[in-house]
Amino acid sequence: MTTVFGVPLPAILGQLMLGLVNGSFYALLSLGLAVIFGLLGVVNFAHGAFYMLGAFAAYIGLQAFGVNYWWALLLAPLAVGLLGIIIERLFLRHLYSIDPLYGLLLTFGMAWIAEGIMRGIYGASGKSYPVPHALQGGFNLGFMVLPIYRAWVVLASVTVCGVTWALIERTRLGAMLRAATENARLVQSFGINVPVLVTMTYGAGVALAALAGVLAAPVVQVSPLMGSSLVIVVFAVVVIGGMGSILGSIVSGLVLGLVEGLTKVVYPEASNIVVFVIMALVLIWRPSGLFGRE
Amino acid sequence: MRLRQWPYVVLGVLALAAPFLGLYPVFLMKLLCFAMLASAYNLLLGYTKMLSFGHAAYFGSSAYVTGWLVTVHGWNTLEGIVGGVVVATLLGLLIGAVAVRRQGIYFAMITLALAQLVYFLCLQAQFTGGENGLQAIPRGTLLGVIDLGRDRTMYYFVLAAFVGVFALIRRIVHSPFGQVLKAIRANEARAVSLGYEVDRYKLAAFVLSASMSGLAGSLKALVLGFVTLSDVSQVTSGEVILMTLLGGSGTFLGPAVGAVVVVSLQEYLSDLVGAWVSVIIGAIFVICVMIFRRGIVGEIQRRFEIFTRAV
Amino acid sequence: MLKSATALCALCLSALSAAYAAGDQVVIGDIDDMSGVYADVGGVNAVESINMAIADFGGTVLGKKIVLLSADHQNKPDIGASKFREWADQSGVNMVLGGSNTGVSIAMSKVAAAKKVPFIAIGAGGSSLTGADCTPYTIHYVYDTTALGNGTAGAIVKEGGKTWFFVTADYAFGTQLQDAASKVVLANGGKVLGAVRAPLGTTDYSSFLLQAQASGAQVLGLANAGTDFENSLKAADEFGITKTMKPAALLVFITDIHALTLQTAQGLYLTTGWYWDLNDETRAFAKRFFAKTSKEPTMDQAGYYSSTTQYLKAVKAVNSTDPDLVMAELKKTKINDMFAKNGYVRADGLMVHTMYVMKVKTPAESKYPWDYYKLVRTVPGEEADGTQPDPACVMPKK
C-alpha cells in the first residue's frame with residue numbers, strides 16, 4: 001500500500017473526501033454569516049440555531065405532513081427565512097443604532113431560546129432522518145465507498161455558494177447590496193428601500209443556514225444541539241476568510257474542511273482544535289483575514 | 001452612616017447570618033462563586049466595554065488545575081488555589097494578548113474561538129478526566145488549622161474571598177488605572193491621542209479579570225468537590241454574560257445580583273420545568289438586551305439613587 | 001422592615017426543610033438520563049418500573065409511606081452528583097438508584113460513600129464501579145463491562161474474528177468496555193489492531209469508521225451504547241463497512257434493535273442480563289410494562305423493578321433504613337426473581353447473576369413484534385464475572 005508520511009494513501013484520500021463534505025457545510029454556513037455581517041454588521045449568533053431549525057423543519061415536515069426531502073429543500077429555508085425576517089423586524093432592527101454588540105447578544109439569546117424550546121419538546125438525542133431514496137447507495141471509489149448522498153451534499157453546497165457569489169458580485173441587486181453596505185444613506189437617497197433590503201438580506205442569510213440544515217439532516221441526525229458547537233467553528237472560518245468577504249468565507253470553508261480531514265489522519269487528537277489554531281495564527285499575522293479588506 | 005452605604009450593611013448582615021437562617025450552605029457558596037465570577041467579568045464588560053465571550057476558560061481551567069493539584073499531587077488547599085489562579089492568569093495573558101489587538105465584535109469572536117480551543121484541550125487532556133471530570137476533590141484545611149470540610153466553615157472562607165475580590169474591584173475602578181480605563185471606554189481614540197498605551201491598559205484589565213475569574217473557579221472546585229467540562233463550556237460563558245447584563249453592567253452590585261438570580265432560577269426551576277429553564281433564561285436575556293439594558297441594579301440606581309453610582 | 005422580612009423568610013424555609021427531613025417517609029431517588037442518548041434504555045419508563053415495584057410491595061414499608069423522587073442528570077456528572085448530595089442533605093433520601101452513564105454513576109457513588117446512602121447503579125456498564133471505584137454503599141445491578149466482554153467478545157473470537165479495531169465512546173464506560181473486550185480477544189489468541197475515541201453523543205461516525213476500515217481488521221468493535229451505537233452501526237452500513245468487517249456490538253438494548261430494525265441489525269451477537277421473552281415470569285412483567293409504556297422493557301428497566309423490590313425487602317427484614325444494616329442484608333440475600341436467577345450481591349457490590357448471549361434474528365425468523373433475539377448460550381454468573389471479588393476494589397476498614 002502506498003503511504004504518504006507513513007500514512008496509507010487510501011486513508012488520506014478517504015478523510016479528505018469526508019473533509020470536503022464537512023467543508024461544504026462550513027462554506028454554506030459561513031456564506032450566510034458573511035452575507036449578514038457584510039450588510040447588517042450583525043454577527044448572527046443564531047446562525048447555528050437556524051441551521052438546526054432548518055433540519056427540524058425537514059424532520060417535522062416529513063413526520064407530520066409527509067413532506068419529502070426534495071420539497072423540504074425548498075420549503076424549510078423559506079419557512080425558517082420567514083422566521084428570520086420576523087425576528088429582524090421585531091427585534092434586531094431596533095438595535096442597529098446602538099452598539100453592534102447588542103445585536104450579537106440578541107441573536108445569542110435567540111439561539112438559546114430556540115435550542116431550549118426544541119430540547120424541551122424533543123429531548124437532547126438525535127432524531128433519525130432517512131436519506132432520500134434517489135440518493136441512497138454509494139460509489140465505490142476503490143479506497144472507500146462514498147455514499148451518493150454525501151457527493152450530493154458537496155455538489156449542492158458548491159452550486160448554491162457559486163450562485164450566491166455571482167448574485168452578489170455580478171448582478172444589479174448585488175451591487176445595490178454592496179453599495180448599501182458602504183453607504184446606506186446615499187443608497188437610500190437614490191430611492192432604494194434600504195430597510196427592506198436589509199430585512200430581506202437577513203432572511204436570505206438565515207435561509208442559507210436552514211438549507212444547510214436540511215442537507216445535514218440525513219448525515220448528522222436532527223438534534224437540538226446540532227448547531228451550537230458547529231457555529232463556533234463557522235465563526236472561526238469567517239474570521240479566517242475575512243469578515244465581510246463572500247469569496248473568503250466560501251474558500252476558507254472548503255479549505256478548512258480539507259485541513260480538518262487531513263488532521264484526522266495525521267494527528268487525530270488535534271482535529272477539533274486545528275481550525276481555532278489556524279484562526280489564532282491568521283489573526284496574529286494578518287488580522288483582517290485572508291481575503292478581508294480593511 | 002451615609003445613605004449610600006446602607007445596602008452594603010444590610011447585605012453584609014444577611015450574608016453573615018445566612019447559614020443560620022436555614023439556607024443550604026453549599027447552594028449559598030455556589031452563589032458566591034458565580035457572583036465573584038460575574039463581578040470579575042464586569043471589570044471587562046462594564047468598565048472597559050470589552051465583550052469577552054469565553055470567560056469560562058479562565059474559570060474552568062483554574063478549577064481543573066486546583067482540583068488536580070489537590071487530588072493527584074496532594075497540595076494543600078491554599079497552594080492549590082494559588083496554582084489554579086496562576087494558570088488562569090497566564091491563560092488570560094496569552095488569550096488577551098491576541099484578542100486586545102482587535103475591538104468590538106472581532107474581539108468577542110476571538111475570545112470565543114480561543115475559549116473553545118481551551119475547551120477542547122480540556123476534553124483531550126488526560127489530567128482533566130475528559131467527560132468524566134475530576135471527582136471527589138477534598139476541601140482540606142486552611143493553613144492546617146481550620147477544617148474546611150464543614151459546610152459552615154467553608155462558607156465563611158468563601159464569603160471572605162468574595163468580599164476581598166469585591167473590595168479589590170472597587171479599588172481598581174477608583175484608582176488612576178481605573179480612570180484611564182474609563183477614558184478608554186468613553187472614547188478610545190481620544191485616549192490614544194493623549195498618549196496612553198491603550199492596548200496595555202486593556203490587556204491589564206483582561207488579565208486582572210481572568211485572575212479573579214480563576215479564583216472563583218478554584219473555590220467552586222473545592223466547594224462542590226468536582227470539576228467537569230461544563231465549567232469550561234460556551235454555556236457557562238454565556239451565563240456569565242447574562243448574569244452581568246441582568247444585574248446591571250457598570251454597577252458594582254449588579255453582577256452579583258444577576259448571579260444570584262440566574263443560579264437560583266436554574267436551581268429551583270430545573271426541578272419544575274426541566275429543559276425549559278434555558279428558554280426562560282434566554283427570554284430574560286432577550287428582554288435585557290432589548291429594553292432592560294441597565295439591568296436590575298442599574299434600574300434601581302436610576303430610580304432611587306440610593307446605591308453608589310459606578311461612574 | 002427588611003430584617004423582619006428576612007426573619008419571616010427564614011422561618012418559612014426552616015419549616016420547609018423540617019418537613020423534608022421528617023422520618024415518617026422512606027424516600028427513594030431515581031437520577032437517570034431522561035432526555036439524552038440513554039433516555040430510551042432507562043429514562044422515564046424506568047420510573048414506571050419503580051412505581052410498579054412500590055405498588056406491588058404495598059406502597060408502604062415499616063409503616064411509612066414510600067416516596068419516589070426523580071431527576072434528569074443529562075449525562076453530566078456534576079448534575080448527577082449535585083442532585084444526589086442535595087437529596088441527601090435536604091430531602092432525607094434513603095436509597096438512590098439509576099445512573100445509566102458510567103461517568104455520572106462513578107460521581108454519584110462517591111457521594112453515596114460520603115453521605116452513606118445506598119446507591120444501586122443500574123444501566124451503567126463500567127466494571128470499575130465494583131473495582132477501583134467501589135464503595136461500601138454501591139451495588140452494581142443488571143450487567144457490567146466484564147460480563148459483556150466475556151460474553152460477546154468471547155463468542156465472536158471463537159467464531160474466527162481474531163483481529164479487532166474499536167470505535168469507543170470517549171468516557172469511562174467506553175474505555176472500560178474496550179478494555180474488557182480486548183482482554184478476552186488477547187486471551188483467545190486474537191489481536192487488537194487499533195482504536196479510536198468518539199465523544200459521547202457523536203452523530204457522524206464516518207471519519208472514525210474510515211479509520212477502522214483502513215486498519216484492515218476483521219472485526220469492528222463498537223464500544224458504545226444507546227444512540228451512539230445506533231448511529232455508528234447505521235454509518236457502517238452506509239459506507240459499506242459491514243460488508244468487509246464484522247460488527248461486534250458490545251452493548252445493545254432491545255430499544256436499539258427496535259430503532260435500527262432487524263434489517264440492519266440481524267445477525268449481531270450481544271450479551272444481555274435479561275430478555276422479556278425468556279420465560280413466563282418475564283413475559284408477565286413485560287405485559288404489564290407494555291400496557292403502561294407501549295414498549296417492551298429493556299434489561300435495565302426490569303432491573304429497576306427488581307432492585308427496588310429487593311431493597312424494600314431488605315429494609316423490612318432488618319426493620320430499619322439504616323444504610324449499614326440494609327447493605328449487609330442485601331449482601332447476604334440470594335436473589336431469585338423475575339429478573340435474576342441465582343443472583344447474589346458480591347462483597348465488592350456486584351450483583352452476580354446468569355447472563356445470556358443472544359443473536360439478533362433475521363426479519364424472516366421474527367414472528368411477532370419485539371421478537372428479536374434467539375438464545376445462543378446461557379452463561380452462569382461465575383463464568384461471566386469470575387468467582388472472586390474484583391481485586392482492584394479496596395473497601396475502607398470499618
Side-chain angles (χ1 to χ4, degrees), chain A residues 37 41-43 45 87 90-92 94-95 98-124 224 228-229 231-233 235-240 243 268-277 279-281 283-284 287-289 294, chain B residues 45 49-54 94-95 97-99 101-126 233-235 237-239 241-242 244-246 249 273-291 293:
Chain A
F37 182 75
V42 169
V43 177
F45 226 100
I87 290 180
L90 285 181
F91 299 100
L92 213 45
H94 302 281
L95 298 174
I98 330 174
D99 201 315
L101 286 177
Y102 282 111
L104 192 162
L105 289 172
L106 176 76
T107 53
F108 180 72
M110 290 282 168
W112 229 343
I113 294 178
E115 266 182 32
I117 292 179
M118 299 317 268
R119 258 194 82 191
I121 303 178
Y122 289 100
S228 50
S229 38
V231 78
I232 304 184
V233 177
F235 278 147
V237 168
V238 172
V239 169
I240 292 173
M243 294 231 14
E269 288 78 20
S271 57
N272 277 328
I273 61 173
V274 66
V275 179
F276 301 120
V277 171
M279 187 200 80
L281 291 171
L283 280 168
I284 295 175
S288 52
E294 238 178 312
Chain B
L45 182 61
K49 263 290 183 74
M50 292 157 79
L51 178 68
S52 158
F53 232 111
L94 275 172
I95 294 182
V98 176
R101 294 150 157 250
R102 309 282 292 165
Q103 292 150 19
I105 296 206
Y106 300 89
F107 172 79
M109 309 265 280
I110 296 167
T111 54
L112 177 62
L114 290 177
Q116 192 73 344
L117 205 152
V118 171
Y119 174 88
F120 281 118
L121 285 175
C122 288
L123 176 61
Q124 305 282 16
Q126 291 287 41
S233 76
Q234 180 204 353
V235 175
S237 293
E239 283 173 3
I241 301 176
L242 172 64
T244 313
L245 265 183
L246 176 62
S249 67
V273 297
W276 294 91
V277 180
S278 29
V279 179
I280 297 177
I281 292 186
I284 296 177
F285 201 95
V286 169
I287 294 174
C288 279
V289 172
M290 291 300 299
I291 56 178
R293 271 171 234 130

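Computed from heavy atoms alone, side chains included, the values below leave out hydrogens, waters and symmetry copies. Labels below follow one simple rule: chain letters A, B, ... track the order of the sequence lines, proteins then strands, and each chain is numbered from 1.
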Worksheet item: Does the side chain of A:Ile87 reach to within under 4.5 Å of the side chain of A:Met110, using non-hydrogen atoms?
Response: yes
Item to complete: Test side chain to side chain contact (heavy atoms under 4.5 Å, CB included) on B:Val289 and A:Leu95 and set out the steps.
Response: CA-CA 9 Å; B:Val289 172; A:Leu95 298 174; 4.0 Å; yes
Practice prompt. Evaluate side chain to side chain contact (heavy atoms under 4.5 Å, CB included) for A:Val43 paired with A:Phe235, printing each intermediate quantity in order.
Written response: CA-CA 9 Å; A:Val43 177; A:Phe235 278 147; 3.4 Å; yes
Worksheet entry | Side chain, backbone, both or neither of B:Ile284 within contact of chain A (heavy atoms, under 4.5 Å) | neither
Discussion item. So which atom in A:Leu283 and which in B:Arg101 form the shortest heavy-atom distance, rounded to 0.1 Å?
Written reply: O-NH1, 4.3 Å
Worksheet item: Does any heavy atom of chain B fall under 4.5 Å from the side chain of A:Val277, the backbone, both, or neither of them?
Response: both
Practice prompt. Examine whether an atom of B:Ala283 lies under 4.5 Å from a heavy atom of chain A, and if so say whether it belongs to the side chain, the backbone or both; otherwise answer neither.
Written response: both
Worksheet item: Do A:Ile273 and B:Gln124 touch side chain to side chain, with heavy atoms closer than 4.5 Å?
Response: no
Worksheet item: Does any heavy atom of chain A fall under 4.5 Å from the side chain of B:Leu245, the backbone, both, or neither of them?
Response: side chain
Discussion item. Is B:Glu239 close to chain A through its backbone or its side chain, or both, or neither, when contacts mean heavy atoms under 4.5 Å?
Written reply: both
Fill in: Heavy-atom contact with chain B under 4.5 Å, split by part of A:Leu104
side chain
Worksheet entry | Heavy-atom pairs under 4.5 Å with chain A, option from B:Ala108, B:Ser278, B:Gly104, B:Gly238 with the top count | B:Gly238
Worksheet item: Given a strict heavy-atom distance threshold of 4.5 Å, which part of B:Val235 is in contact with chain A: side chain, backbone, both, or neither?
Response: both
Fill in: Geometric class of the A:Phe45/A:Phe108 ring pair [parallel <30°, tilted 30-60°, perpendicular >60°]
perpendicular
Worksheet item: Relative to chain B, which of A:Ile98, A:Thr107, A:Leu101, A:Val239 shows the most heavy atom pairs under 4.5 Å?
Response: A:Leu101
Fill in: Atom group of B:Phe53 that falls short of 4.5 Å from chain A, counting heavy atoms
side chain
Worksheet item: Are any non-hydrogen side-chain atoms of B:Tyr119 and B:Gln234 less than 4.5 angstrom apart?
Response: no
